[in-house]
Each structure stands twice: as C-alpha cells, then as structure tokens.
Amino acid sequence: MENQSNDKKVFLLDALALIFRAYYALIRNPRITSKGKNTNAQFGFINTLLDLINNQKPTHMAVCFDTQAPTERHTEFTDYKANRQEAPEDLLAAIPDIKKLIRGFNIPVLEVDGYEADDVIGTLSKKGAAAGYEVFMVTPDKDYGQLVDGNIKIYKPGYQGGDAEILGAKEVCEKWNIKEVHQVIDILGLMGDAVDNIPGIAGVGEKTAAKLLAEYGTLENVLENADKIKGALGEKVRNGKNSAILSKKLATIITNVPIEFHEEDFRLKEWNRDLLKEVFIELEFKTVAKRILGEELSIVPGAVPQGVQTDLFGNAVEGKSKAEPKTPKAEVAEETGDTDRAEDGDIVHAGKNIQNTAHQYRTIQEEAAIKNLVKELLEEKEICFDTETTGIDANDVELVGMSFSFKPGEAYYIPCPADQEATRAILKQFEPVFNRKDVLWIGQNLKYDMLVLKWYGYELFGETFDTMLAHYVIEPDGKRSMDMLSARFLGYEPVHIEELIGKKGKNQLNMRDVAIDKISDYAAEDADITLQLKQVLSPLIKSKEVEKVFHEVENPLAKVLMEMEYEGVKVDQDFLHEYSKELEREAAKAEDSVYEQAGVKFNLASPKQLGEVLFEKLKLDPKARKTKTGQYATGEDVLMKLAHENKIVEDILAFRELTKLKSTYVDSLPELINRKTGRVHTSYAQAVAVTGRLSSNNPNLQNIPIRTERGREIRKAFVPRDSNRVLISADYSQIELRIVAGISGDPAMCDAFKKGIDIHTATAAKVYGVEESAVTKEQRYKAKSVNFGIIYGQGAFGLADNLGISRTEAKEIIDNYKKQFAGIDTYMESTKAFARENGYVQTLMGRKRWLRDINSSNFTVRGFAERNAINSPIQGTAADMIKLAMIKVYHEFRKHKFESRMILQVHDELVFDAVKEEVETIKPIILDCMRSALPLPNEVPVEAEIGSGINWLEAH
DNA sequence: GCGCGCACGC
DNA sequence: GACGTACGTGCGCGCA
C-alpha cells in the first residue's frame, strides 16, 4: 500500500460497525457497569479515527453511517440470541455522540438508508474507481479492503466485493489465510455468534460445511436437497434452514446502492474546533481534548496524541504510529510530575562515556605487582570486585581470573591459571584483602563471586553494595543485565561477553580458552563499569528512599543465600530411581487406556493432538473452548468439566500428573546432583520477582509437589546429608493474611488473630453471620477462597470461577465480606488512592513497586495495576519478613557456631539440615527469629510452626 | 531457538 | 466468543 499516493485514497469508516464492536467489548465484560458518557463506543470510534488520520493522512474520507440504525440487518442479527436484544438501546444512545464527533472532525457523511458500509464500498467498486480513486474501508479491526480495478482486493482479513457469495468457511479461511472461523465473520462485517452459522447451520462445523458445499455447489442446493442428507447431519441441515438463509443474506454485499462518487463530497475540511471542544467536554475526554486542542497537534505526523493510543478494545497499540511513541513510563512522569523520572533521564547524559574517557586497565601477573596491588587494596575504603570463571554454575566452576577497581577508569585483572594449586597460591596472597572487615565490596551479583570464592575457602567479611540489587530496589521490574545498566546509567555499551566466547550454543567457548589480554580488557572493564554504576545508583537509592530495604535486607541476604546454595540439599537417588519406574508403569497404563477408549493412537503428551481427538473425533464437547492460537484448550479446568461423564478424562489427567512428576522432578533432580557434594545446589534469583520474593532454579526447589498424594512422595527424596542429621522445616502460619490484618488494622481480623481463632472459620462466621462453632465445611472453604482472593486483588469473576459458583453469589459473598471487614475494604481503596497519588506502593520495609499504569484511562490496564497495588505490599512484606528472618537465623547460627545449616527457602518456609544434638536448641531460636523478624502493626501476632523428620515430607 | 500450553509451588 | 484470574520455573510439543 505504500506506493499508493495519498490523494488517490478515499477512506470509508463504518461508524455503526465500530460502535457495535465497542459495545460488545463492553457488555462482554460483566464488570463494566458504567452507563456513563465515557464509554468504549465513543472512545473506540475516536481512537480508530485518529489512528487513521495520523497514520494515513488521507485527504479524502467519509463516514458511512448505517442510517437506519439499527438497520433491518442489524436488527435481525441481534435477534440471533434473545439475551442480546438489549444491544440496540445502548447502541442508539451512543449514536448522537458519535455524530457530534463526526461533525467536529468535519468528516463527510454518507447516508444511504438501509445499506451497510460494505454495500457502499461494494457499489463504489463499480462507480468510484472510475474517478481514479482507491477506496479503503476501515473495518472495526482496522483491516483494509482495497479497491483495485473495480474489485475489492483483500489484505489480511477483508471481504470479497461485487456479488459476494457465501463461501464455505474453510474455503474462505484458506483463501484469505485465516486461522479462525470467527474471523470470517469479522471479515464479512458481522458479529460473533454467526460463527456457528457459516454457512448458517448450527452444529455444522466448517469442515462439514465445506464438504456439503463442494457436493451441492451452492447453499440453496444444499437446502433443497436436505432430505437426502442422512443421519444427524441431515437433521441439522433441515433445522438450520432459516438461519442459513439469514446468514447468507447478512453476508451478501449489495452492489446497487443508490450512491454516486463525487470527489468533492469526500474531501476533508478543517476541524470544527469549537464543536470538538464541546463534545470532548461533554464526553469527559479531558486528556484527549487537551492534547488535540490545547496543543497544535492536528494531523502533523509525529504528533499522535498519546492518550488515545489504544485500539478499539482498549488494548495498547504498539508501534502502529509512525511517530515514536512515548513509553508509558514517560507518560506517567509527565502527568504526575515525577521528578525522579526526569532524573533518570539526566543520568544517562550526565554519566561518563567510558569509551571517551581515558582509562587504564592493567593485567597483574608478577608476584611483585600482586604485592603492590594487595598493598593498595588494603588501603582502599571501597573496592569493586569481579570474577571470571569457566562457567555459570558457581558450584562447579574454576576461577579464570579476578578484577579489582577502586578508581573510575582504572582496573586490574589478575589471571588465574588452570593449575588449581597455582590459583590457590594467588588467592592466598589476596587473603588479607578478602578478610578486611572495614571495606565496602562493590559488585554486580556478588552472590556469584562470593560463592566462587567460598569454594576456594575464602569469604568476604566487609559490607557489600551490589549494583544488581541496587537496581532491583530502585526499579523492581525491568531488565538488569550489566550491559543494560551500563548503557542506561553510564551511556556506554561495554564489550559483550559473546564477543569473547561466541554465541551461546554448543560451539560456545570456555573463558579458559580466551587469550588473557582479551579477557583482561573485558574483565577490567566490567569492574570499572560496576564501580561507576555504584556511583550513579547510590544517590538514586537515597532519592527513591529505598535505603532500608537495600542495606538492611537485600545486601546482607546475598551472603546468606550464597551459603545456602553452597550447602545444597541431599537427594535420595535410589528412591527417585525406583519411583521413576513406578511412575513410568502407571503412566503407560493410563496412556494405553486412553488410546483404547479413544480408538486411536496419538501423542497424548501433545495438547494439540489431544484436543483434536477429544473434540473432533470423540466430540466430547460441541462448544469446546479454544486457546488464542486456535488449538482446543485441554487444561485441567476444561477436562474436569468433562470428567464425570467420561472415564477417558480421568486417565488423561492421571497421565498428565504422572509424566509431569516424572519429567520435571523425579528424572531431572538426579541430573542436577553436584559431583563434588552429591547434593543439589539450587540457585536463588534475588532480583527477579517484582514483589520482592526470591525465585529458585536449577533445580527449582520452590515448586516441589505437595498437593497430591503421588506428588507429595517426591518430598521423601529430600533427606539430611548424613545419618547424624534430620531435616527441620519451619513455616509461617497465614502470614499474608496476618499482614493484611496488620497493615489494614481491620479490628475484626486483627482480633481473630489475637485470639488465635482459625482465620477462615472466623471469616466464614462473619460473612455468613453464624457462630464460629456453626460454620460448615463448605462455608469455611468459601471463606478461604475469599481470603485468598483478597490477597490477590481478585474480583467476583475470579472468585466465582474458583469456587464454581455464580457471579451473583460471589458478589454477595464479597459485598458481605466488605461490610464485615470494613477495614480491609478501606485498606484496598486507600492503597489504590496512594498508588494513584504517588505512582507506587510499598511494603513495611519500604520496598517499592512503581505502577505506571495506575492512572491509565484503559480499564483493563488500570485494573491490572490496581490488583498489583493491593497484592504487592502484602506479598512484598511477607518477602521482607522472611528475608529478615533468614538474616537473623544466619547470624544466630554463626554466633552459636552451630553446625546445622539453613538450606532452603520456599516463600513462607525455611528448611534446615540439622545436627540431631542441636535440634532442640535451634528450634526455639529459629521460631524466635521468624516471629520477631518484622513486627506487624496493630500488635497482630506472627506465628510459625516447626517440625523435623528424616525427610522433607516428614519434617513438614 | 522460541512461543505456547500446561502444571507444579506459595 | 472474548475478557480477565498475584508471584514464579520448567517440561514437551510444534514450528521455523
């Protein structure tokens, strides 16, 4: 389309279709109850219009308004389903506003009674092209049909002009490269439910329909010969006759519309600014009005009003505009006057460009030179330290070199030879430096470097400033590789590691294989950059007011985590081996049973194939849900709904569970056992989860099964390292709810915790207005779900889904909950208000999460931000608390010189590999550390439970 | 190599 | 049918 000159284009907008789409987007979401002015109908229309004007700069345009709105055809459509008959009323309500907008923008209107925009373009295909114009039609999906040589040419979804026939859906899909049948409907300018009716017969899928059409030629022939069609199919065809005819009528484009093409009728004129202003005020489009009218934006490219960069359905439109879109971040900064953002921007420019700055990187190998360096390092107050190693698993690498930097632009690299004795000798010379207590160690992900050192027997005693963690507390979302941080905060792109060792893959080199002078430059630069990053990030830590969580939580924790990773946990290989065989047998049994019942062999592990078998071959559910990629959804929730009627589903679920357990846990764990220690050493990611939680990988020990009988067995494989030890597990009880109670100060909930009443029972008693002793199991279960939902900021919809109850009932429960626990409702509202005001929310330790979308005018985006606003302080405070507890436990253990070790953290649980004689001594210490780590407001008590046993399952 | 669907934890 | 459902990691499939 690029080669089309603008003055040869005419754009047609089907206003009614646009409103229709917006309207359905509205009513499909039950949470949208607003019937106010500022609805999606108007908004969607203006978005599409502005998008078009800004991107395509048409000189000629017309709105094709289906004037008999709803026209005969639209009326028929809404009759398809009785419950949608309310549609036209609201639709009509929006029309006057749309008309005002059209007048404001001074767009020519084509009013042709009783015809669709489709018909108009169909007709113009015969008449308009002669005038030398290309006619484009903007459909609700913003796909274009182009008029070429009197025919409408289809780009992406489009429609066939002229005397359009209804094609078999399959044929249409093939012809226009469309995956989903419902898109055909969009193409034809119709809406949703007619999906089932292409070619108009309910219950006849596209494949069957195509077959029928191929056999009889036309739809009319199919219907005429309906009696000859055998069985259920014939029945369906006969029953669906009327809707088939209607479908065809709906989709047929009329090409004899009484309209003539006159160039001047389509030419765009000046906007009527006064009228626009009036309409915008009326519709409360304040932001749009300000941007369109307050500034000279008009239709100049590069001046796309950012406030309307969402599509018809309220989704953010990315990269559609030729103008460089501002990031949402920038937008927030602008709207809230967030000076910190501006500060960030300044830093990029204020930062030194290392490339242009004289630097001195030196490789230190001679003993005398090392002595000199050590002497110097003993004097410095702050030292940046970095290691180069042979791999990324710190528990299984050799040191290749170390770099130090203490002055920007200067750095030293000390190569360490493959001969480990020689490397040890070099390290020995640095021992006094490592042992310094009066030094601040600076590094990027120091946990890694400390772990490498630990394997060589050294420890860093000084305090630490980890640039990765600094960035984590400054900006918990977003990426933070060193290259990225350098580019962003120093304005410099460092040498990328792939330039040394090649792209990742089987041919990637080992650091050991790279020439020393090459590594030296790279490694020294890393230390230099990290040092400079510290200078930049340090003031940001202060200005963002996150010193507390940074200095008191994250930095000290890194060392604790390092030690836990170093210790590892022993797994019982024999047990897993046996269990693997058992799982294998059972999985095979379930698999065979599925094939037998399905009557066909396929790959059961493939959701795609399974979906086809279940819903096409076995036809278990004629209304099977599909995923966004067009596959049948076969998730657990979907299958469970079919479970009571079909034994095959049971077997499928069993197969899923068994193979999941086998592949993810039983068979993988032994492969991650470290050769040196015979244990698995997980790695904790300290700067990944936006809420402040840790995450665990290689292996992930935070998702070991516990829910099901068979899954739970796996916990038996986690054992103490020798027979003189046991495992201890200590976990917080209802910690997140206690935090909710504490920070909201809700008297009812605080009281329940203070009295030590089971919180879900207490909740049920309140919500259902009964005595605690009279609460039924079901009431407690429902109350538990509500409590759970509160923590996640979930609404009635999610609750209903979770409990399998109606949304009405869910809403009732929630309303009652809010009444009984008014403090919680207030907390949720005030948290959202705080977020709107400040652009962030925070935990008790001052850990912040910035919510740039909290003031978004898009309800979906804003809703997401609002849920985060509620959830993050809760989840984050729980994360702060256990992190503080871990630091406390670690220091207590060191102080008492216990040999027992903390080895795992699973969000609200700590696991210890404990020496038997110490068990009774350390249990109260652990509990005390956990309870006192972070006292909650309003005297809400913090409780923890503890147990021990010969494996993790028993300890729990 | 990557996106997706699915499933495990808290 | 499409919209949404806290925070994570990892597996196998299917496609490029």
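Residue numbers start from 1 in every chain, and the chains themselves are labelled A, B, ... in the order their sequence lines are given, proteins ahead of strands. What you see is a predicted model, and the numbers here were worked out from it, not measured in a lab.
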Within the structure, does a side-chain N or O atom of Arg867(A) lie under 4.0 Å from either OP1 or OP2 of dT5(C)?
yes
Among dC6(B), dC13(C), dG8(C), the one nearest Ala605(A) by side-chain distance:
dC13(C)
5'-most by nearest nucleotide on DNA chain C - Ile791(A) or Lys608(A)
Ile791(A)
Heavy-atom nearest nucleotide on DNA chain C taken for Pro699(A) and for Arg693(A); more 5' hit belongs to Arg693(A)
Please state how far atom CZ in Arg849(A) lies from atom C1' in dC7(C), giving the value in whole angstrom units.
9 Å
What is the separation between atom CG on Asn697(A) and atom P on dC7(C), rounded to the nearest whole Å?
18 Å
Presence of Thr691(A) side-chain N/O under 4.0 Å of dG8(C) phosphate oxygens OP1/OP2
no
Going by side chain to side chain contact (heavy atoms under 4.5 Å, CB included), name the residues that satisfy it together with Phe834(A), two or more places apart in sequence or in a different chain.
Asn838(A), Tyr840(A), Gln842(A)
Should Glu554(A) and Lys883(A) count as an ion pair when the cut-off is N to O under 4.0 Å?
yes
Lys662(A) NZ to dC8(B) P, in whole Å, measures 16 Å
Listed nucleotide nearest any side-chain atom of Phe864(A), set dT5(C), dC7(C), dG5(B)
dT5(C)
Which ring-ring contact (aromatic ring centres under 6.0 Å, His included) pairs, counting each pair once, include a residue from residues 686-706 of chain A, with sequence neighbours left out?
none
If I take atom CD in residue Glu909(A) and atom C1' in nucleotide dG8(C), what distance separates them, rounded to the nearest angstrom?
16 Å
Shortest side-chain distance from Asn603(A), nucleotide among dG9(B), dC6(B), dG14(C):
dG14(C)
What is the distance from CG of Leu661(A) to C1' of dC6(B), rounded to the nearest Å?
13 Å
Figure out the CG/P separation between Asp477(A) and dC7(C), and round it to whole Å.
11 Å
Partner nucleotide of dA2(C) by Watson-Crick or wobble geometry (both distances under 3.5 Å)
none
Identify, residue by residue, the members of residues 733-741 of chain A with a heavy atom below 4.0 Å from DNA chain B, and return them in order of residue number, or none.
none
Nearest whole angstrom, please: distance from the P of dC6(B) to the NZ of Lys626(A).
13 Å
Sequence neighbours left out, what passes side chain to side chain contact (heavy atoms under 4.5 Å, CB included) with Glu909(A)? Give chain and number order.
Arg715(A), Ser729(A), Asp731(A), Val906(A), Val911(A), Trp952(A), His956(A)
Separation of dT5(C) atom P from Glu866(A) atom CD, nearest Å, is 12 Å
Using 4.0 Å as the upper bound for N to carboxylate O, is an ion pair formed by Arg625(A) and Asp637(A)?
yes
dG14(C) - base-pair partner by Watson-Crick or wobble geometry, distances under 3.5 Å
dC2(B)
Would you indicate which nucleotide in dG12(C), dC8(B), dC10(B) comes nearest to any side-chain atom of Asp908(A)?
dC10(B)
Where the side chain of Lys660(A) is defined as all heavy atoms beyond and including C-beta, which of dC10(B), dC8(B), dT9(C) is the nearest nucleotide?
dC8(B)
Within the structure, does a side-chain N or O atom of Gln609(A) lie under 4.0 Å from either OP1 or OP2 of dG14(C)?
yes
In terms of side-chain geometry, is the basic nitrogen of Glu736(A) or Arg693(A) positioned less than 4.0 Å from the acidic oxygen of its partner?
yes
Hey, can you pull the residues of residues 700-710 of chain A with a non-hydrogen atom under 4.0 angstrom from DNA chain C?
Asn700(A), Asn703(A)
The residue among Leu701(A), Ile903(A), Val569(A), Leu561(A) that forms side chain to side chain contact (heavy atoms under 4.5 Å, CB included) with Thr682(A) is Leu701(A)
On the side chain of Gln875(A), is there an atom forming a donor-acceptor pair with the base of dA6(C) - under 3.5 Å, no angle test?
yes
In numerical order, the residues of residues 663-671 of chain A whose heavy atoms come under 4.0 Å of DNA chain C are Ser663(A), Thr664(A), Ser668(A)
Looking at the side chain of His907(A), which of dC10(B), dG8(C), dA7(B) is the nearest nucleotide?
dC10(B)
